[in-house]
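Only one structure is covered here, and it is reproduced in the block below.
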Amino acid sequence: MDWFLSLLNTLLIFGGALMILVFVHELGHFLAAKFFGMRVERFSIGFPPRIWGFQKGDTDYCIGATPLGGYVKISGMIDESMDTEHLDKEPEEWEYRSKPVWQRIITITAGVIFNMILAFVIYFGMTYTNGKSVLPIQETAGIYVPETSILHEIGFETGDKIVGVNGQQVTYFNELVSASELTADNLSYTVIRNGQEMNVPVASNYLDSLQTRGFLDVAYMYPSKISSVPAGRPAAEAGLQAGDQIVSANGDSVLYWIQLVEIIQNADSAINFGVMRGDSLFYASITPDPETKTIGIASPSLQTLGIETIDYGFFESIGEGYNQTIEQTVGILQGFARMITGDISVTQNLGGPIAIASITREATDQAGWIGFWNITALLSITLAIINILPIPALDGGHLVFLLYEGITRREPSEKVRMVAQQIGFFLMIGLFIFVMFNDAFRYFGL
C-alpha cells in the first residue's frame, strides 16, 4: 500500500508541474493568435480523446485524456491535427495562413517565450521571497581525495583548495557545480596546491561519471558533521546526536565526511571517535555493523554545514531571476551539444516522463515547495528549448518554414508541409518510445 501511495504522490506532483508548463506554453500561442485576430478552434490541455470541456465563442476549451502535453488549434494552420479541409478554400481573414509572416512567427514562438518568462518569474519570485541559499567555500581546508575516487583519476590531490572553475574565481560551493560550468567546453578547476595556484582539467570522458561517482559532493569538501542519528543503531546507542561533529578516529584527525566513511568501512573492530558537541569534546567507542559497515549516522545537510541566505530587494531579485534563467538555459543547451558530440551519453542523460517524475518528486521531498518550483522552472526552460528545435511538428519546425517564406517571399507547398508534419510526428513518437524504454531500463532494470 505504501508503494502505491508513493507512486500516486509522485504522479500528482509531476502532473501538477506538467499542467502548469503546458498551460503556460499553450496560453502563449492562444493569446498571440487572438491578439492578431486569428480564430482559435480549440485550447486543449492533454491530447485526445476529449474528456471534458466547454465552448465559449469560437473556442472549445477542454482537457484531453492523454496528459503528456497540449495544443492550440488555430484556424488555417497545418498542425498535429493534420487538418487539410481548409486547403481547397481561399484564406479567410481570421485564419493563420492569411496573416503576415511576422505575425505568424510571433504566434508560433509565443509558447516558447511564455515558458522562458515563466522560468524567470519563478526564479524572481523565489529570490524575492526566500533569498538565495549559498554554501561558502571553507577558508582553510582543502578537499579529501580517496585513491578510488573519480577526483583522484582526474588529478585532484588531498589538500587541494578549489578556488575557481573555468578560469573564474568563486566564493560559493554552488558555483563550482552549476549546470553552465559543468557542461562548458574544456571544464577545469583552479586549485591552490602547496601554496601554488594551478589548473586541473577535467577530460570530457569523465563527464558521464560526474553524476554517478560523487564528483564534487560536499562529502569531499566539508567536515564530518552529523545531520541525524537513527534510533537503535550503534551511533545512537553510543550517545551520538544530530549536530555532533566527529573530529578524530583512533587518535587520527578527521576533517571530511568522506574520510570518515572510508575509516568506518575499512574498520574490523571498534573505533574510538573524538566527538565535538558545541564547545565540548568527548570520546565514544563504536563498533560498525559487520554486514553494512556503517554505524548509523546521516551525512551533513546544507543546514548543518552552515548554509547562508543572501537577501535581495525587488529590483535586485529581477536581475538575479534573469541570471538564474540564463545560467540554466546555457547549461541545458551545452548539455544537448555535449550529447550530440558524444561527450556525454544520451541514454544516461536524456530522460522521459518516468525520469522527470522521479526528479520532480525528489526535488519536492528535499526542499518542499521551493524544490517543486525550482524543478518546474528548469523543466519550463527545457520545454522551451525542445520546442524551438527545428523539427517538423514542433514550434521550431513551423518557424523554419516561416523563415523560409520570409526570406524567399514564397510559401512552401501544402504537400511539403504535410509530409514534414507527418515525418516530425513519427520522429516524436519514436523519441517518446525511446525515452520511455530508456527510463524503464534505468529505473527498473528491465
Side-chain angles (χ1 to χ4, degrees), residues 119-120 122-144 150-151 154 156 160-184 187-192 200 202 207 210-223 225 227 256-258 299-313 316-335 359-360 362-382:
F120 163 75
I122 291 173
Y123 286 132
F124 156 73
M126 290 195 302
T127 301
Y128 183 61
T129 57
N130 300 298
K132 181 180 180 181
S133 297
V134 294
L135 184 61
I137 294 176
Q138 296 187 105
E139 290 297 323
T140 54
I143 60 174
Y144 181 76
I150 188 175
L151 292 174
I154 288 171
F156 288 97
D160 285 351
K161 178 173 172 54
I162 303 178
V163 295
V165 57
N166 296 330
Q168 301 294 319
Q169 296 290 308
V170 299
T171 305
Y172 303 108
F173 174 79
N174 318 53
E175 300 171 288
L176 295 176
V177 292
S178 69
S180 59
E181 299 295 355
L182 290 178
T183 56
L187 172 64
S188 66
Y189 286 89
T190 304
V191 304
I192 304 295
V200 179
V202 181
L207 294 178
L210 299 188
Q211 57 183 317
T212 59
R213 295 181 59 188
F215 178 51
L216 277 181
D217 191 272
V218 292
Y220 295 87
M221 300 180 65
Y222 291 87
K225 201 164 188 177
S227 61
Y256 309 90
W257 179 264
I258 195 67
S299 59
S301 65
L302 294 179
Q303 285 68 33
T304 60
L305 292 176
I307 193 170
E308 297 178 0
T309 299
I310 303 174
D311 293 321
Y312 292 89
E316 291 175 315
S317 297
I318 293 176
E320 183 59 28
Y322 172 80
N323 290 337
Q324 290 186 48
T325 304
I326 294 301
E327 178 184 316
Q328 295 297 341
T329 302
V330 170
I332 294 169
L333 288 173
Q334 290 178 166
I359 293 170
T360 306
E362 288 175 9
T364 305
D365 285 347
Q366 293 173 8
W369 282 106
I370 294 177
F372 173 82
W373 286 115
N374 260 318
I375 200 68
T376 300
L378 181 63
L379 291 175
S380 192
I381 295 171
T382 305

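Here the structure is a predicted model, which is why all the values come from computation and not from measurement.
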Check for a donor-acceptor pair, side chain of Y256 on one end and backbone N or O of G142 on the other, with a separation under 3.5 Å.
yes

Short side-chain to backbone donor-acceptor contact, Y189 and L176, under 3.5 Å:
yes

Non-hydrogen side-chain atoms of Y128 and I318 separated by less than 4.5 Å
no

Does any non-hydrogen side-chain atom of S188 lie less than 4.5 Å from one of V165?
no

Counting C-beta onward and ignoring hydrogens, is there a side-chain heavy-atom pair between Y172 and V170 closer than 4.5 Å?
no

For E181, all residues meeting salt bridge (charged side-chain N to carboxylate O under 4.0 Å, His left out), sequence neighbours excluded:
none

Looking only at heavy atoms, what is the nearest atom pair of S180 and V330, with distance?
CB-CG1, 4.0 Å

How many angstroms lie between atom CD1 of I326 and atom CZ of F120, to the nearest 0.5 angstrom?
10.5 Å

Above 12 or not: heavy atoms from other molecules or residues under 6.0 Å from CD of Q168?
no

Grab the two heavy atoms, one from G125 and one from T129, that are nearest each other, plus how far apart they are.
O-OG1, 2.7 Å

Please determine which of V202, V200, I154 meets the side-chain contact (heavy atoms from CB on, under 4.5 Å) test together with L187.
V202

Could you check whether any side-chain N or O of N130 sits under 3.5 Å from a backbone N or O of T309, counting only pairs where one atom can act as donor and the other as acceptor?
no

Looking only at non-hydrogen atoms, find the nearest pair between A377 and A119 and report the distance.
O-CB, 3.7 Å

Run the side-chain contact (heavy atoms from CB on, under 4.5 Å) check on Y123 and N374 step by step: do they pass?
CA-CA 7 Å; Y123 286 132; N374 260 318; 3.6 Å; yes

Within the distance-only criterion (no hydrogens, no angle test), does the side chain of T325 pair as donor or acceptor with the backbone N or O of G321 below 3.5 angstrom?
yes

If every non-hydrogen atom of N174 is compared with every non-hydrogen atom of V134, which pair is closest and at what distance?
OD1-CA, 3.5 Å

